[in-house]
Amino acid sequence: MGADKEFTWEEVAKHNLEGDLYVAVRGNVYDVTKFLNRHPGGVDTLLLGAGRDVTPVFDMYHAFGTGDAIMKKYYVGKLVSNELPIFPKPSGFHKDVKSRVEGYFKDTGKDPKNRPEIWGRYFLIFASLLLSYYAQFFVPFVMERTWLQVIFAVIMGFACAQVGLNPLHDASHFSTTHNPTVWKILGATHDFFNGASYLVWMYQHMLGHHPYTNIAGADPDVSTSERDVRRIKPNQKWFWNHINQHMFVPFLYGLLAFKVRFQDVNILYFVGANDAIRVNPISLWHTVMFWGGKIFFFWYRIYVPLQILPLKKVLILFTIADMISSYWLALTFQANHVVEEVEWPLPDENGIIQKDWAAMQVETTQDYAHDSYIWTSITGSLNYQAVHHLFPNVSQHYYPEILSIIRDACIEYKVPYLVKDTFYQAFSSHLEHMRVLGLRPKEE
């Protein structure tokens, strides 16, 4: 028998089409073109992962050993270089915590992807969004009172943020039902109601942030330019504008939604990548959802209101809703990862992160307010962020139930689990992190 064929990551990257689809897992390359339409997780997920090493993502969404027999049939060779950082083989901690949580659902007979409460929350979110929109522009009693319109704009902005934290986020992790069509429809609500791309979010979040949390050059969530407005990473170069950044940068978080809508176009049609995460050819479905969403968003947020109210008032109400949505999403995200105590791993000279992937997820994450049902509800359960990072495919409504399993494993394997009592403490940690990194380094 001849030696296995060897592939560089650049060679694998060329096979990223529906009719020519390679993926790499744990150093092995597979031609899964013929498996595409039989993939239980749907066509979309494989097309997103096409032409790249998907090892961390594969381990996130599959039980260890799942599909090994099937994958052997599609084996075509070995991956001999790496585009992004790689990790050691799963540790005892990773295997045990995964086995214990899977055992919990098996023993209790609960479906980790189905929880009836989620549909009630979705209904409340979309009802709040639509009713607050209708009140601002179609209810005479409200339209005659600007202060009431402002209140409903705030409610609408908060509801739009909840679309991002719930249906969008759940869909991007396949954690609501086992139906890929449901995931696509829920994800598209972000395109249409928020004017931001579900597809771009998938590249940034599912393929970038979750596998490579807080790793500079791999996690798009912590991507910064050469001279960025803020300094958030210890290895990032300091500039004078970072002095006292904690006092002014958070105000810019209100521009998040505005930035993302234009960044979407740039990523998909000009740059072709979200930081280090390459974009594959865009399917007809995602093309229609992307541009259809942009057009619908402009129609319902700008064009329709302009038929009823003066331009100045339309822009004021739009800005209020947009900034509320932006602030809520940004503050929620920053309190989880861009804080004092978390780790900022870097690969060695061979591109290897010398830490178990699951342990890294816990150590790069901060939880908060576990005892608060309200905070759990209004943050999409991201106050259980470490739980979410270890088990993104589990419905967020189960996070409190499996927390003790995970924390017990962390104690057993001496993996530090960071949690604050309140959101205020968690966000204060973000501000302190910004303050410290804004100080002039001694060598400057």
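Side chains included, hydrogens not; waters and symmetry mates left out as well; all remaining heavy atoms used.
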Side chain of [X], backbone of [Y]: donor and acceptor closer than 3.5 Å?
X	Y	answer
N82	P85	no
D96	F93	no
R231	Q236	yes
R278	G51	yes
S81	W9	yes
N280	A50	yes
N393	S175	no
T33	L21	yes
K113	F174	yes
D191	G195	no

TODO: Report yes or no: is the cationic atom of K34 (NZ for Lys, CZ for Arg) under 6.0 Å from the centre of the six-membered ring of Y74, at an angle within 45° of the ring normal?
DONE: no
Open item on the list: For Y398, does the six-membered ring have the charged nitrogen or CZ of R115 within the cation-pi criterion, i.e. under 6.0 angstrom from the centroid and within 45° of the normal?
Closed with: yes
Open item on the list: Using the ring-ring contact (aromatic ring centres under 6.0 Å, His included) definition, which of the options F297, F126, Y198, Y133 pairs with F193?
Closed with: F126
Gap between atom [atom2] of [Y] and atom [atom1] of [X] - 0.5 Å precision:
X	Y	atom1	atom2	result
L47	N16	CG	CG	9.5 Å
L329	C160	CG	SG	9.5 Å
M60	L390	CE	CG	10.5 Å
I353	F87	CD1	CZ	5.5 Å

Quiz question: by atom type and distance under 3.5 Å, do the side chains of [X] and [Y] form a donor-acceptor pair?
X	Y	value
D221	Q204	yes
N383	T376	yes
H209	H389	yes
T45	H39	yes
D111	H178	yes
H370	Y384	no
N214	T364	no
N336	H430	no
N28	K78	yes
N166	Q396	yes

Open item on the list: Quick check: closest heavy atoms across P211 and M206, and the distance to 0.1 Å?
Closed with: CD-O, 3.3 Å
Open item on the list: Using every non-hydrogen atom in the two residues, find where F258 and F262 come nearest and quote the distance to one decimal.
Closed with: O-CD1, 3.3 Å
For [X], look at atom [atom1] and say whether over 12 heavy atoms of other residues, nucleotides or ligands are found less than 6.0 Å away.
X	atom1	result
E18	CD	no
E10	CD	yes
F138	CZ	yes

- [ ] Using the side-chain contact (heavy atoms from CB on, under 4.5 Å) rule, pick out the option among M156, K312, Q136 that qualifies with L317.
- [x] Q136
Heavy-atom side-chain proximity of [X] to [Y] below 4.5 angstrom:
X	Y	value
Y203	L48	yes
Q245	V229	no
H388	H210	yes
L168	L186	no

- [ ] Test Y303 against F298 for ring-ring contact (aromatic ring centres under 6.0 Å, His included), laying out the working first.
- [x] CA-CA 6 Å; Y303 179 79; F298 178 82; 7.3 Å; no
TODO: Dump the intermediate steps for salt bridge (charged side-chain N to carboxylate O under 4.0 Å, His left out) on D53 and R26, then the final yes or no.
DONE: CA-CA 8 Å; D53 183 348; R26 299 190 194 95; over 6 Å; no
Open item on the list: Applying side-chain hydrogen bond (donor to acceptor under 3.5 Å, both in side chains) as the test, list every pair that has at least one member in residues 317-329; sequence neighbours left out.
Closed with: R261-D322
Open item on the list: Does anything in residues 291-301 form a side-chain hydrogen bond (donor to acceptor under 3.5 Å, both in side chains)? List the pairs, not counting sequence neighbours.
Closed with: D264-K294, Y269-W291
Task: Centroid-centroid distance, H433 to W344, less than 6.0 Å - done: yes
Task: Which residues share a side-chain contact (heavy atoms from CB on, under 4.5 Å) with W119, sequence neighbours left out - done: Y122, T176, T177, V182
Task: H173 and H169 aromatic ring geometry - parallel, tilted or perpendicular at 30°/60° bounds - done: perpendicular
Open item on the list: In terms of relative ring orientation, are H15 and Y22 parallel, tilted or perpendicular, with 30° and 60° separating the classes?
Closed with: parallel
TODO: Show your working on ring-ring contact (aromatic ring centres under 6.0 Å, His included) between H286 and F290 and close with a plain yes or no.
DONE: CA-CA 6 Å; H286 284 298; F290 182 86; 9.9 Å; no
